[in-house]
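Here the structure comes first, spelled out in structure tokens, and everything after it is commentary.
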Number of protein chains: 2
Amino acid sequence: MLSKKTRYAIKALVVLGKNFGEAPMQISKIASDEHIPKKFLEQILLDLRNAGLLYSKKGAGGGYGLVKDPAEIFVVQVLRLTGGPVALLPCVSLNFYQKCDECSNEATCGVRDVFLEVRNATLKILSETSIADVIRREGLLIENTEV
Amino acid sequence: MLSKKTRYAIKALVVLGKNFGEAPMQISKIASDEHIPKKFLEQILLDLRNAGLLYSKKGAGGGYGLVKDPAEIFVVQVLRLTGGPVALLPCVSLNFYQKCDECSNEATCGVRDVFLEVRNATLKILSETSIADVIRREGLLIENTEV
DNA sequence: TACAAAGTATATAGATTTAGTAGACTTTTA
DNA sequence: TAAAAGTCTACTAAATCTATATACTTTGTA
């Protein structure tokens, strides 16, 4: 399961993606629109800023905005920045690798092999899906709902 | 990430799968072979037994064994029995569904749509892979390692 | 029939992680 | 110069996970 942190981060980036090119958006606006605790969101946005995804502007009229086009930010990046490994086992994680302490031989572990396949499938989707894609899908879903 | 409980459960089923058709196997044997804390494993095997996957025999010469052929036990079942949802978001989980409390409209949520795709990909693999497959893969990996 | 082997059942402790809150500080604009 | 808005660090409360403890029941066999 994704952590709330990761979920909030994705949601915030989607909102900011829709706002791309406009004036920066305030934390409180994002927080209330998306029902995210404001103080928690502050920390998350700060992390995303420190990672270079967002710019920020202090003072009256300040706020946050995307540094890059939403089409160039991929969901997998957000997972990784907010600490969520993509893999279901530490021993198949690219960015959060850890040896399974109960496993005697990683190279011949059938369980690992299965979850390697799962990781690859997940990774493919999440590294091909950008924030812009998420926004686009939302549009398609709304169309389908209206019909 | 899968919990240790889930990982231990899969490992134990693989061991019992290799032993299928033979005399029941003792908890302590499985625990020491697979480096799993014995007392913890006891609880896990009990759960799997209560779920109908394992039979048990008390007393001297007792132990645990698979009720069904390892080809008929699928990895996804183990995840679910040991409390690990397959989905990365509660709102796309089939067996552990929960509404995302921050989400205003599930039907048109783009984030949900992406993670629905991820869940489907994961589910496909895990529901097509049996304990027998895990054992088979292990064999293939060993061959490749030896060459 | 008594004893040892082995599983059953429930409770609880300890550690870790997650989620959220608090508060004091800095920068910017009007 | 006051209000708006982000920055930074620390802390706490709750949940979950991992593991251990203890007492009990069943079964085989000497």
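A, B, ... follow the sequence lines: proteins, then strands. Residue 1 opens every chain.
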[atom1] of [X] versus [atom2] of [N]: gap in Å, rounded?
X         : N       : atom1 : atom2 : answer
His35(A)  : dA19(C) : NE2   : P     : 19 Å
Tyr64(A)  : dA5(D)  : OH    : P     : 14 Å
Ile36(A)  : dT18(C) : CD1   : P     : 18 Å
Lys38(B)  : dT20(D) : NZ    : C1'   : 12 Å
Arg7(B)   : dC17(D) : CZ    : C1'   : 12 Å
Phe96(A)  : dT17(C) : CZ    : C1'   : 14 Å
Met1(B)   : dT18(C) : CE    : P     : 11 Å
Asp101(A) : dT18(D) : CG    : P     : 11 Å

Original post:
Is a salt bridge present between Glu106(B) and Lys99(B), judged by a nitrogen-to-oxygen distance below 4.0 Å?
Top reply: no

Before accepting this row, confirm whether a basic side-chain N of the pair Glu117(A)/Arg137(B) lies closer than 4.0 Å to the acidic partner's carboxylate O. yes

Closest heavy-atom pair, Ile135(A) versus Lys18(A), reported as atoms and distance to 0.1 Å, is CD1-N, 3.7 Å

Judged by nearest nucleotide, the residue sitting upstream toward the 5' end of DNA chain C, Leu46(B) or Pro37(A), is Leu46(B)

Close side-chain approach of [X] and [Y], heavy atoms under 4.5 Å:
X         : Y        : answer
Gln26(A)  : Lys57(A) : no
Met1(B)   : Pro85(A) : yes
Tyr64(B)  : Tyr55(B) : no
Leu123(A) : Val76(A) : yes

Are OP1 or OP2 of dA5(D) and a side-chain N or O of Ser56(A) less than 4.0 angstrom apart?
no

Should Tyr8(A) be listed as having a side-chain N or O under 4.0 Å from OP1 or OP2 of dG20(C)? yes

* Asked: So what does Met25(A) hit on the nucleic acid, given a heavy-atom distance under 4.0 Å: a base, only sugar-phosphate, or nothing?
  -> sugar-phosphate

**Prompt:** With a non-hydrogen cut-off below 4.0 angstrom, is Ile27(B) in contact with a base, only sugar-phosphate, or nothing?
**Reply:** sugar-phosphate

Out of dA6(C), dA19(C), dA9(C), minimum distance to the side chain of Phe40(A) belongs to dA19(C)

Per-nt protein contacts along nucleotides 21-30 of chain D (heavy atom under 4.0 Å; B base, S backbone sugar-phosphate only, - none) come out as BB--BBBS--

